[in-house]
Asker: 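Here it is, the structure, as structure tokens.
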Amino acid sequence: MTTADVVSAEAAIVTIPAGQPPHRTRLLAGLLRDRTAIFGLVLVAILTLAAIFAPLLASHDPNAVDVARKFLPPSREFPLGTDHLGRDVFARIVYGARLSIGSTLAASVAISFIGVLVGLIAGWFGGITDTLISRVIDILLAFPTFLLALAVTAMLGPGLRNVLVAIILAWWASYARIVRSAVLAEKDKPYIEAARACGSPSMRILLRHLLPNIVAPIVVLTTLDLGAVLLSLSGFSFLGLGVKPPTAEWGSMLSEGRTYLSRAPNMMFYPGVAIFLMVLGFNLLGDGLRDILDPRTRGGRR
Amino acid sequence: MPYVLRRALLVIPTLLGISFLAFALANLAPGDPAEQVLRRTSDRQPTKAEVAEKRNELKLDRPLVGQYVAWVGRAVRGDLGVSYATRRPVVTELRHRVPYTLQLTLLAALLALAIAVPAGIVCALHRNKLFDQFARLLSLAGASMPSFWLALSLIVLFAVRLSMVPVAGRGGWNSYILPVVTLAVTPAAVLARFTRSTMLEILDDDYMRTARAKGLTEWGTVVSHGLRNALVPLLTAFSISLGHLLAGAVIVETIFVWPGVGKLALDAITERDYPMIQGFVLYAGATFAGINLLVDLAYGAIDPRIKRAGAPTVATR
């Protein structure tokens, strides 16, 4: 057993034996039967809708400074109070949701795209390509993701764009490893041979035949990781490496609130609640998806 | 080759990879560290001659490959350079700070284990009963909680409002409570879930039925037969948790102004203190590789099949 195997065991937690992906309607029906998954879906939906319709929900400009009304307690006009510059905490949370949720989704899509692409290449072509890619994956997986992302941020310097790049760079490797082993398990199966015998080009076999058969674990892994990505992104902002104040983002709001901990705990409390609920929603949704797509847990909730 | 030796040798390529990463990170970074350190320590724009002298002093003028080989050579001898910010050797700084981080992470790991394993077992034994439902809810919440928010909330409640513990800093025993608890929450939640699902799988196994049939009590069965078989997957989950603890320490130490390596690393990043960053990456990578080595060796001790085959048969979920 190698170091990387231990790390990949984490990913194995969601590894699902590849098989025919469930039909879309069955997936939806399964999700709707699962009460906790529904709860997750509702949480994610509410917060996402709040982000989209922020201007309708918030009656104040999230960046409007008015020192005369600073540190106000929650009231009808300011549902979650105001901060040290008299800005509406509620408005900042719903507007901040755009950046927090948006960057989480962007990072997660990029992570799974790169992971799938590299994993497909390594598993399909094998040989020296596979060896090289696998060594790179081994090195990257020798670090806890957050520390690796921190190290890359150290190189690139602070800022949201750099933190996003760092998180993507630190995260894709575990996806690539799972996709690679799934490809290895699938590529000698009769349906691939049949496609090859029919003269289908590699690209077509990969995208039309192989990918649909290994997509389920990737979808589950991506959903389960959404929460972790959001936690990392807001963690970086909290540490002052990601989004910088005065831009409204949940992590940076918490960072600002830290200074006024005893004076105005609402400044750090509510953005944290937002992060918590969103991560909870992602995790519940991911758990639900895994239960539906994993034949081993189907039927009874573990 | 014996398993222990074979496995130990595998650490070398990992360490080389880590060292390459540590080196590349600092050397591919944009900006001129020599100019930067001069400007920061003297509060004025340095002259060209001063920059050239500094570059020479920091060996920044050699080609990259030469820099790497020389750097690894020095690193092996325990010389990681001098911190740009404090002007003290990086190794000295690390040696000062590592014990404080270890105190936090080990205490948090123990706390997490002490809560998670028994809770997970009880949940599995009383599946879907009240305690199980409650504990699952709690672990779900724990796994979704941002540690920085939890830390600040705990500070507001227990340090500011109730004045039971200090707000930050390392002092008496009560200064450990909040950082350790904050750090332990996520691994405890993850481990509890994991223990529960592992135990649920094991409870239905044939040898468990046999053990019950020969008259062992349920707890006796679980502890002597179940736990032993759950040990390998649990150890895997625990080693991953340890990695997360090392990472979590950066945030927790920053909030509680704890004099550990996590705080040191963050300061180094904000100050672009390259030798310090390299030292931290090396330390983190080597520690993680060491943990994984120990865990792998433990696998061999727990399950002799792994030692013989050399390949993992860990089914984790």
Side-chain angles (χ1 to χ4, degrees), chain A residues 1-7 9-10 12-15 36 135 138-140 142-148 150-158 227 231 234-235 238-241 251 254-255 257-258 261-262 265 268-269 271-273 275-277 279-284 287 294 296-297 301-302, chain B residues 7 10-11 13-14 17-18 20-22 25-26 28-31 140-141 143-149 152-153 155-156 160 197 200 236 239-240 243-244 246-248 250-251 254-255 265-266 268-270 272 277 280-281 284-285 288-289 292-293 295-296 299 306 310-312 314-317:
Chain A
M1 176 157 222
T2 64
T3 317
D5 287 323
V6 177
V7 180
E10 182 179 38
I13 294 170
V14 292
T15 301
T36 45
R135 285 296 83 77
D138 282 347
I139 294 175
L140 291 179
F143 286 91
T145 2
F146 188 81
L147 285 186
L148 185 57
L150 197 68
V152 178
T153 310
M155 167 180 107
L156 299 173
L231 282 180
S234 43
F238 176 77
L239 290 175
L241 299 172
L254 258 153
S255 174
R258 194 182 152 202
L261 215 48
S262 44
M268 72 85 193
F269 189 74
V273 171
I275 298 174
F276 172 63
L277 292 178
V279 175
L280 188 66
F282 283 144
N283 285 347
L284 289 172
D287 276 357
D294 184 349
R296 284 177 304 181
T297 56
R301 225 187 142 72
R302 286 276 181 186
Chain B
R7 179 57 187 82
L10 273 177
V11 173
T14 310
I18 291 165
F20 183 74
L21 194 71
L25 281 176
L28 299 177
L140 198 64
S144 308
M145 207 170 274
S147 61
F148 39 98
W149 175 63
L152 295 180
S153 303
I155 290 176
V156 168
V160 178
S197 63
L200 275 180
T236 308
S239 72
I240 295 165
H244 289 177
L246 287 177
V250 176
I251 287 179
T254 305
I255 294 175
L266 189 68
I269 290 172
T270 39
R272 291 209 158 194
I277 294 170
F280 174 72
V281 171
F288 201 52
N292 285 331
L293 174 64
V295 167
D296 283 5
Y299 285 142
I306 292 175
V314 199
T316 50
R317 178 155 57 85

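Every chain is numbered from 1, with letters handed out A, B, ... down the list of sequences. Just the heavy atoms: all of them, side chains too, but no hydrogens, waters or symmetry mates, feed the values below.
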Asker: Taking the side chain as every heavy atom from C-beta outward, state whether B/Thr236 and B/Val295 have any pair of such atoms under 4.5 Å apart.
Answerer: no

Asker: Quick one: which of B/Gly248, B/Ser153, B/Ala284 has the most heavy-atom pairs under 4.5 Å with chain A, could you say?
Answerer: B/Ser153

Asker: Would you mind reporting whether B/Leu140 and A/Leu284 have side-chain heavy atoms less than 4.5 Å apart?
Answerer: yes

Asker: Got A/Phe146 and B/Ile251 here, is their nearest side-chain heavy-atom distance under 4.5 Å?
Answerer: yes

Asker: Measure distances from A/Leu241 to the heavy atoms of chain B and classify the residue's part below 4.5 Å as side chain, backbone, both or neither.
Answerer: side chain

Asker: Is B/Ile255 close to chain A through its backbone or its side chain, or both, or neither, when contacts mean heavy atoms under 4.5 Å?
Answerer: both

Asker: Let me confirm one number: the CG-CE distance from A/Leu231 to B/Met145, rounded to the nearest 0.5 Å.
Answerer: 10.5 Å

Asker: Let me know if B/Leu152 has heavy atoms under 4.5 Å from chain A in its side chain, its backbone, both or neither.
Answerer: both

Asker: Side chain, backbone, both or neither: which part of B/Phe20 has an atom under 4.5 Å from a heavy atom of chain A?
Answerer: neither

Asker: Report which part of B/Ala141 has an atom under 4.5 Å of a heavy atom belonging to chain A: side chain, backbone, both, or neither.
Answerer: both

Asker: Do B/Phe288 and B/Leu293 come close enough that some side-chain heavy atom pair is under 4.5 Å?
Answerer: no

Asker: Within the structure provided, determine whether B/Asn292 and B/Thr14 are in side-chain contact (heavy-atom separation under 4.5 Å).
Answerer: no

Asker: Side chain, backbone, both or neither: which part of A/Phe238 has a heavy atom under 4.5 Å from chain B?
Answerer: side chain

Asker: Examine whether an atom of A/Ser234 lies under 4.5 Å from a heavy atom of chain B, and if so say whether it belongs to the side chain, the backbone or both; otherwise answer neither.
Answerer: both

Asker: May I ask you to name which of B/Leu266, B/Ile155, B/Val250 has the most heavy-atom pairs under 4.5 Å with chain A?
Answerer: B/Leu266

Asker: Going by the rule side chain to side chain donor-acceptor pair (under 3.5 Å), which residues pair with B/Ser144 if we only count those two or more places apart in sequence or in a different chain?
Answerer: A/Asn283

